[in-house]
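Fair warning: this is a prediction, and the values are worked out from it, not measured in the lab. Numbered from 1 within each chain, the chains take letters A, B, ... in sequence-line order.
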Number of protein chains: 2
Amino acid sequence: MNTPLQATGLPIAAVERDTGLAKDTLRVWERRYGFPQPARDANGERTYPLEQVDKLRLIRRLIDQGLRPAKIIGLDVQALVGMLDEIGKPRDGGDPERCAQFAAILKFVRLHLHEDLRRTLQQLLMKLGLQRFVSEVVAPLNRVVGDAWLRGELEVPEEHLYTEQIQNILRAAISAHAALRSGRPVVMLTTFPEEQHALGLLMVEATLTPEGACCVSLGTQTPLEDIRNAAASGRFDIVAVSFSSAYPARQAIDGLRTLRSGLPEQVSLWAGGAALQGAARKLPGITVFESIDDLPGALDAWRRLYCAAQA
Amino acid sequence: MNTPLQATGLPIAAVERDTGLAKDTLRVWERRYGFPQPARDANGERTYPLEQVDKLRLIRRLIDQGLRPAKIIGLDVQALVGMLDEIGKPRDGGDPERCAQFAAILKFVRLHLHEDLRRTLQQLLMKLGLQRFVSEVVAPLNRVVGDAWLRGELEVPEEHLYTEQIQNILRAAISAHAALRSGRPVVMLTTFPEEQHALGLLMVEATLTPEGACCVSLGTQTPLEDIRNAAASGRFDIVAVSFSSAYPARQAIDGLRTLRSGLPEQVSLWAGGAALQGAARKLPGITVFESIDDLPGALDAWRRLYCAAQA
DNA sequence: GTCAACATTTTGTCCAGGACAAAATATGAA
DNA sequence: TTCATATTTTGTCCTGGACAAAATGTTGAC
């Protein structure tokens, strides 16, 4: 039979795929904490019962949220679900109509309704304009989708579909502003190595471009040295770096300090994203953004400071 | 320092990421074949010189093409490159103008020029119409991109960009035919589990829909049992399954045989994709497609057989 | 010659259990 | 507070043996 009715359990490689926990990690947890405790098949190889895999998935999500294995690995499934709900809870009530729209969008994502998803987003973009679309739709939607992902309501392909569609919409909208591509300041956009999330960069670009800034994106994962070299060319006024919530805060802060010290004085360094929440005062000489809404203000401030004559 | 000047070598985890070869595999190759032969750092951990990583990448690509480690692991880099060139060689000369367009498209992909890429593809679609676009542009372009990937001229994000853009164009074009969505035959499109490539499905849908067939895509990775259940509903005339070149031929053939035996007599089973080249006669009772161009003919044949009255 | 069934080789993954670096946290000093 | 330094926690790496799954080679029937 091709479908061996795997109600019995999953091999370790499948659990690694399903949970994102490395095989070595699964084995060392078993040794240290006594969980998971897989059965063994005829060949002495581990066979993980489905319930244990489900629990592992929950533990994985909580660890991603900053909790530590030893604290949670002994808890039962119900307690783990409770903790996840707790974390995902503080959603802003906001406009009820907008909330309903978000729910509808989430449904489209879950059901793979490309067409409906695209159309709905496009309509919101037309109604609100690019900047409000980013700050009032994309930013909160990212939270909604992130929470749904946390609860396990979305699979990888669904999350992917969402990201791609948003990116398409934003890219198209940005390119409509191409005529403005000669303004000041000239902003270099990028992320550090190991940071693959491009959505933040596009949100920044979509917010700054209509304000007349000239955004040049280097894409994701630019080595620090390449960023420095590009900035040394003198073509850029501002270097903007974005960090998703998955990026380790420590690494972001260290990297930004290093970059700042390697950058010419007159080049501003801007940084933002979930990983930098509350890290502003640890980064002197760097403009840290708590919210995407602060970008236009910072742009004005830059212009007053450096382009007094033109303003 | 944050950038330790890694000219010395890469740790095993980085090599796993770069080459796609599992850590266990890297270690067992070292034990068995004497290659790779990493240096050791102060902690006794493997440190792979960059040249060895490059060679590993070449070996990986050749293995993906069906060669076996023992045959090639002892060869030098030049010989490996030669073999890769040999494999990628048989490109059809074809229309020189079209070739130049393909080269331009490849350049857009490499440079992340989303906008140019989208525009060029859109223009070709408008010029040729959906079906010729699929058979004369998408199919050969897939080969061109695949070859470039083989040579290491493309990275993961570039390949991804290409796939996404093609999918967007095709999806939009297909949805323009939505009015025809009530015809016969009714075709179910999907792939087997572990087959993630959705592009083939879209190409089929884009070819059949303008002919008046009603395509219903279940997306990728549908368990065999779910395919059977869906087919048992009686809503479908044809089940079409697509396999990328990465799918193991043996698994495809076994799966198709199992599926055929589980399907109602009157439901046709169509299968195609690189993995099935030359497998037609091993699959009695199943229509195997060597080329996307054969789809319209098969559709006509089906209609003559089952809808004689209407034709 | 083609094809299926079986034997053999190749190849990737799994295992145990020790070790240790990197990350996170706690502790103490300025 | 904020910084630097100890201590714990945690994930990854190591060795070398074993073996299942895949690929290949062989045999015999049609």
**OP:** Provide, to the nearest angstrom, the distance between the CZ atom belonging to A:Arg17 and the P atom belonging to C:dC14.
**Re:** 10 Å
Subject >> Nucleotide C:dC14, atom C1' - distance to CG of A:Leu10 in whole Å >> reply: 16 Å
Original post:
For the pair made of CD1 in A:Ile72 and P in D:dT9, what is the distance, rounded to whole Å?
Top reply: 15 Å
**OP:** State whether the side chain of A:Gln277 and the backbone N or O of A:Ala274 hold a donor-acceptor pair below 3.5 Å, judged by distance alone.
**Re:** no
**OP:** Could you go through the side chain to side chain contact (heavy atoms under 4.5 Å, CB included) check for B:Tyr48 and B:Glu30 one step at a time?
**Re:** CA-CA 11 Å; B:Tyr48 293 83; B:Glu30 180 181 344; 4.2 Å; yes
Original post:
Between A:Ile59 and A:Trp29, does a side chain to side chain contact (heavy atoms under 4.5 Å, CB included) hold up when you go through it step by step?
Top reply: CA-CA 12 Å; A:Ile59 292 173; A:Trp29 280 8; 3.9 Å; yes
**OP:** Please name the pair of heavy atoms, one in A:Glu16 and one in A:Leu26, separated by the smallest distance, quoted to 0.1 Å.
**Re:** N-CD1, 4.3 Å
Original post:
Can you give one letter per nucleotide of nucleotides 10-17 of chain D, going 5' to 3': B for a protein heavy atom under 4.0 Å from the base, S for sugar-phosphate only, - for none?
Top reply: BBBBSBBB
**OP:** Please determine which of B:Ile227, B:Leu189, B:Thr191 meets the side chain to side chain contact (heavy atoms under 4.5 Å, CB included) test together with B:Thr222.
**Re:** B:Ile227
**OP:** Could you tell me whether the side chains of B:Glu195 and B:Thr220 share a donor-acceptor contact shorter than 3.5 Å?
**Re:** no
Subject >> Interatomic distance where CD1 belongs to B:Ile253 and P belongs to D:dA23 [whole Å] >> reply: 11 Å
Original post:
With no hydrogens and no angle check, is any side-chain donor or acceptor of B:Arg60 less than 3.5 Å from a backbone partner on B:Gly20?
Top reply: yes
Original post:
Would you say B:Asn43 reaches C:dC20's phosphate, i.e. side-chain N/O to OP1/OP2 under 4.0 Å?
Top reply: no
**OP:** Please confirm whether the backbone N or O of A:Arg40 pairs with a side-chain atom of A:Thr47, one donor and one acceptor, at under 3.5 Å?
**Re:** no
**OP:** Could you tell me, to 10°, how much the axis swings from one end of the helix from C:dG1-D:dC30 to C:dA30-D:dT1 to the other, five pairs per end?
**Re:** 40°
**OP:** Figure out the CD1/P separation between B:Ile73 and C:dT10, and round it to whole Å.
**Re:** 14 Å
